[in-house]
Amino acid sequence: MTGLFTIIHEDPELLAINKPADLVCHPSKNGELSSLIGRVRLHLAQTDIRPHLVNRLDRETSGVILIAKSDQAARELRRLWETRSVEKEYLAIIHGHPVEDSGTIDAALGKDELSRIAIKDCVRVDGTAAQTSFEVLRRFKRDETPFTLLRVKPRTGRKHQIRIHLAWRGYPIVGDKIYGGDEDAYLALVEGRLTAEQRGRLILPNHALHARALRFDWRNRAIEFSCEPERWFTEFAAT
């Protein structure tokens, strides 16, 4: 743990970080501490290394982010991502109790042209192919309200894929401001008018999606980076 982020692994070519929720990956106008890449640059400030984000996560998604410290490593690793040679494992807390213990959601994704949110996508027949596998880890209740902890593995890498697929099946991720059923929660957050009532309906401060692990073969080595969710996530799922 540094004052900037939690390091999972670091060597001369790679830096794996457990990104906290509510932190953007890309530079923002609010200073170096306001983005993950800004913090990485501060961490590497005493070197001549130019860091490369190999993968990215949504602002509210926590978990494993991989940084390449050289152009060559970045090219090699991005090729693995492009050829779908990386296994990604997520944890998600969803509303409801799915009937099945495991399954695969196969539904194409594209722009949601009916939404007021410019970045929102949806399931649509003319979209891009997307597949998400899931496994129930634990069904539980809080105040008689049903929730489920899932292990999720996206087979493709579309924008918001896990969030869209689970919501489409009727099990939105807890705290999801875009796909949770009230998209005004997202607009209110962006516009600085999110009310206490809306926060109460969201239940959690961030959407409950955590990128737990990355697994891939690179330079004749089997590599795995993993980390556990933040306390607010684990405490809610343990209830």
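By convention here, the first residue in the shown sequence is residue 1.
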For residues 44-56, the salt bridge (charged side-chain N to carboxylate O under 4.0 Å, His left out) pairs (sequence neighbours left out) are Arg50-Asp71
Sidechain-backbone polar pair: Thr132 side chain, Pro154 backbone, donor-acceptor under 3.5 Å: no
For this session: Look at the side chain of Glu82 and the backbone N and O of Arg79, then say whether any donor-acceptor pair between them is shorter than 3.5 Å.
Result: no
Discussion item. For Ser35 and His26, which I'm curious about, is there any donor-acceptor pair between the side chains at under 3.5 Å?
Written reply: no
Tracing side-chain contacts under 4.5 Å among Ile, Leu, Val, Met, Phe, Trp and Tyr outward from Leu204 reaches Leu91, Ile93, Leu137, Phe140, Phe147, Leu149, Val174, Ile203, Trp232, Phe233, Phe236
Contacts satisfying ring-ring contact (aromatic ring centres under 6.0 Å, His included) that involve residues 47-76 (not counting sequence neighbours) are none
Those residues at least two apart in sequence (or on a different chain) that pass ring-ring contact (aromatic ring centres under 6.0 Å, His included) with Tyr179 are His160
* Residues Arg155, Asp106: salt bridge by 4.0 Å N-O rule -> no
Of all heavy-atom pairs linking Ala211 and Cys227, the shortest is O-SG, 4.1 Å
Applying side-chain hydrogen bond (donor to acceptor under 3.5 Å, both in side chains) to Arg142 and not counting sequence neighbours gives Thr239
Besides Leu194, the hydrophobic cluster formed by Ile, Leu, Val, Met, Phe, Trp and Tyr side chains linked at under 4.5 Å, directly or via other members, contains Leu189, Leu202
Would you call Lys19-Glu60 a salt bridge at under 4.0 Å N-O?
no
Output for pair (Thr83 OG1, Arg78 CZ), nearest 0.5 Å, gives 14.0 Å
Residue set satisfying ring-ring contact (aromatic ring centres under 6.0 Å, His included) with Trp81, at least two apart, ordered chain then number -> Phe216
With sequence neighbours left out, the residues meeting ring-ring contact (aromatic ring centres under 6.0 Å, His included) with Tyr171 are none
Hits for ring-ring contact (aromatic ring centres under 6.0 Å, His included) against Tyr186, two or more places apart or cross-chain, chain-then-number order -> none
Is Arg212 paired with Glu89 through a side-chain N to carboxylate O contact shorter than 4.0 Å?
-> yes
Sequence neighbours excluded, the answer for side-chain hydrogen bond (donor to acceptor under 3.5 Å, both in side chains) partners of Arg231 is none
So the salt bridge (charged side-chain N to carboxylate O under 4.0 Å, His left out) pairs with at least one residue in residues 121-137 (sequence neighbours excluded) are Glu113-Arg124, Asp121-Lys159, Arg124-Asp126, Glu135-Arg151
Check your understanding: Is there a side-chain contact between Glu191 and Asp184, using heavy atoms and a 4.5 Å cut-off?
Key -> no
Open item on the list: Taking Arg116 first and then Glu183, would you say they form a salt bridge - that is, a charged N and a carboxylate O separated by under 4.0 Å?
Closed with: yes
Closest non-hydrogen contact found for Lys88 with Gly157 is NZ-CA, 4.3 Å
Across all chains, not counting sequence neighbours, the side-chain hydrogen bond (donor to acceptor under 3.5 Å, both in side chains) partners of Arg201 are Asp182, Glu197
* Looking at side-chain heavy atoms only, is the closest gap between His97 and Lys141 below 4.5 Å? -> yes
